[in-house]
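Worksheet: the structure to be examined is printed underneath.
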Amino acid sequence: MISLPGFPRFRPRRLRSFKAIRDLVAETRLDPSRFILPIFVNDNIEKPVETKSLEGHFYYPPRSPELIEYISKAMDLKIRAFLIFGIPSSKDYHGSQAWHRDGVVQKALRYIRSELGSKPVLFTDLCLCGYTDHGHCGLPVNSRRGMVIDNDSTLEIYAKIAVSHAEAGADFVAPSGMMDGQVKVIREALDNSGFTDVGIMSYSAKYASVFYGPFRGVMDSAPRFGDRRSYQMDPRNAWEALREVIADVEEGADIVMVKPALAYLDVIRLVKDHLPQVPLAAYNVSGEYMMIRKAAELGILDGETAILEVLTAIARAGADMIITYHAVEAAELIRSGRIPF
Ligand code: PBG
């Protein structure tokens with residue numbers, strides 16, 4: 001073991017005294033090519049409309065020039081990966097619009113591919129909560145404990161959605177429903193349909209979190225009865241997250257995810273330390289985004305600095321890529337050199 005000297009041989013301030021030296025020794029660097037930008041396509045509108053609960057983010061019609069402009073603008077800022085969410089024109093018990101050939105996400109995928117070719121990396125959120133009239137990520141059935149969300153019948157539906165997203169041009173599907181075995185079933189379905197090149201980014205450790213509030217407003221996807229605690233993870237557990245991640249890797253996930261990010265930095269670090277070989281995404285969720293926006297609006301803190309500090313912390317904790325609603329603004333700050341460190 002080397003012994004590290006103390007003062008006066010060690011003067012840590014020497015490496016902090018001006019920006020160029022701080023940049024030389026910085027352990028973490030933000031890079032927009034590691035951002036994934038969420039996008040909401042909505043089948044009920046003709047023109048882009050700002051969302052109410054996720055300020056600064058818009059709904060786009062699935063086949064609109066504005067959608068292409070938005071993606072192109074992000075790509076000019078070096079953001080090349082997008083996570084697509086759909087708001088369907090109708091909801092039902094099974095969420096059948098989710099795997100419809102002309103569903104909103106499928107239409108958007110085909111349109112983006114026809115306009116931008118293979119340049120953008122297109123991830124699709126694969127879930128039912130935005131498509132079902134009950135707002136759950138799986139199918140509710142009656143049991144001796146009352147209404148429960150049935151695991152295995154939901155998996156069959158996820159398999160259909162995955163194949164329909166792949167057919168429409170998705171590069172990666174991102175199952176977010178937290179059903180057991182979802183990655184296995186989706187991998188098999190994709191392989192059996194000839195989509196061995198389509199990957200899976202699994203929401204492996206997704207917690208039952210209050211920080212999804214603004215997103216559920218955008219998607220109109222809040223559960224109409226009960227909550228999601230019987231399928232999403234308990235915030236008290238970290239080792240369990242590791243087990244979820246390992247299971248997903250064994251089932252065939254190419255990328256794993258911890259979600260949310262900020263209150264779960266320890267979980268990001270735990271996963272990175274134990275499975276450094278596996279690409280890890282962190283989802284900086286809607287409530288985390290809105291907290292900074294609102295605090296900045298109230299003059300409580302400087303929003304730009306807060307965004308970069310938070311994203312840097314998520315990267316430092318061990319995330320290889322960050323899904324964030326701040327992506328465009330952060331990329332603009334990085335480009336302009338207005339970095340507060
Ligand atoms: C759907 C899903 C959720 C988010 C992404 N996919 C939330 C939920 O469980 O209701 C949350 C995203 C965010 O808050 O930004 N299962």
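Note: hydrogens, waters and symmetry copies are ignored here, and every other heavy atom, side chains too, is used. Every number for a ligand or one of its atoms is a count from 1 in the order of the listing.
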Electrostatic pair E55:K294 at N-O distance under 4.0 angstrom: yes
Close-contact set for ligand 1 against C137 heavy atoms, below 4.0 Å: 16 (N)
Contact region, S176 to ligand 1, non-hydrogen atoms below 4.0 Å, reads both
According to side chain to side chain contact (heavy atoms under 4.5 Å, CB included), who are the partners of R236, at least two apart in sequence or on a separate chain? D234
Proximity flag K259 to ligand 1, non-hydrogen atoms under 4.0 Å: yes
Exercise: do E288 and N284 side chains pair donor with acceptor under 3.5 Å: yes
Atoms of ligand 1 under 4.0 Å from any heavy atom of C129, numbered from 1 in the order shown, are 1 (C), 16 (N)
Taking atom 10 (O) of ligand 1 as the reference point, the nearest protein heavy atom with its distance: R216 NE, 2.5 Å
Within-shell test, K206 vs ligand 1, heavy atom, strictly < 4.0 Å: yes
The atoms of ligand 1 lying under 4.0 Å from a heavy atom of Y325, numbered in the order shown, are 12 (C), 13 (C), 15 (O)
Before we go on, tell me: are the rings of F215 and F85 under 6.0 Å apart, centre to centre? yes
Of all the atoms in ligand 1, which lie at a distance below 4.0 Å from a heavy atom belonging to F85? 5 (C), 6 (N)
Checking heavy atoms under 4.0 Å, the part of S286 that sits near ligand 1 is both
Checking heavy atoms under 4.0 Å, the part of R228 that sits near ligand 1 is side chain
Close approach of G177 to ligand 1, heavy atoms, under 4.0 angstrom: no
T51-H57 side chain donor-acceptor pair, cut-off 3.5 Å: no
I'd like a table of donor-acceptor pairs (distance under 3.5 Å, sequence neighbours excluded) in which one partner is a side-chain atom from residues 325-332, with atom names and distances.
residue: Y325; atom: OH; partner: Y283; partner atom: OH; Å: 2.7

Per-atom contacts of ligand 1 with Y283, taking only distances under 4.0 Å to non-hydrogen atoms: 12 (C), 15 (O)
May I ask you to decide whether K91 forms a salt bridge with D220, counting only side-chain N to carboxylate O separations under 4.0 Å? yes
When the ring centroid of H136 is compared with that of F225, is the distance short of 6.0 Å? yes
With no hydrogens and no angle check, do the side chains of D180 and Y231 hold a donor and an acceptor under 3.5 Å apart? no
In ligand 1, the atoms that come under 4.0 Å of a heavy atom of Q232 are 8 (C), 9 (O)
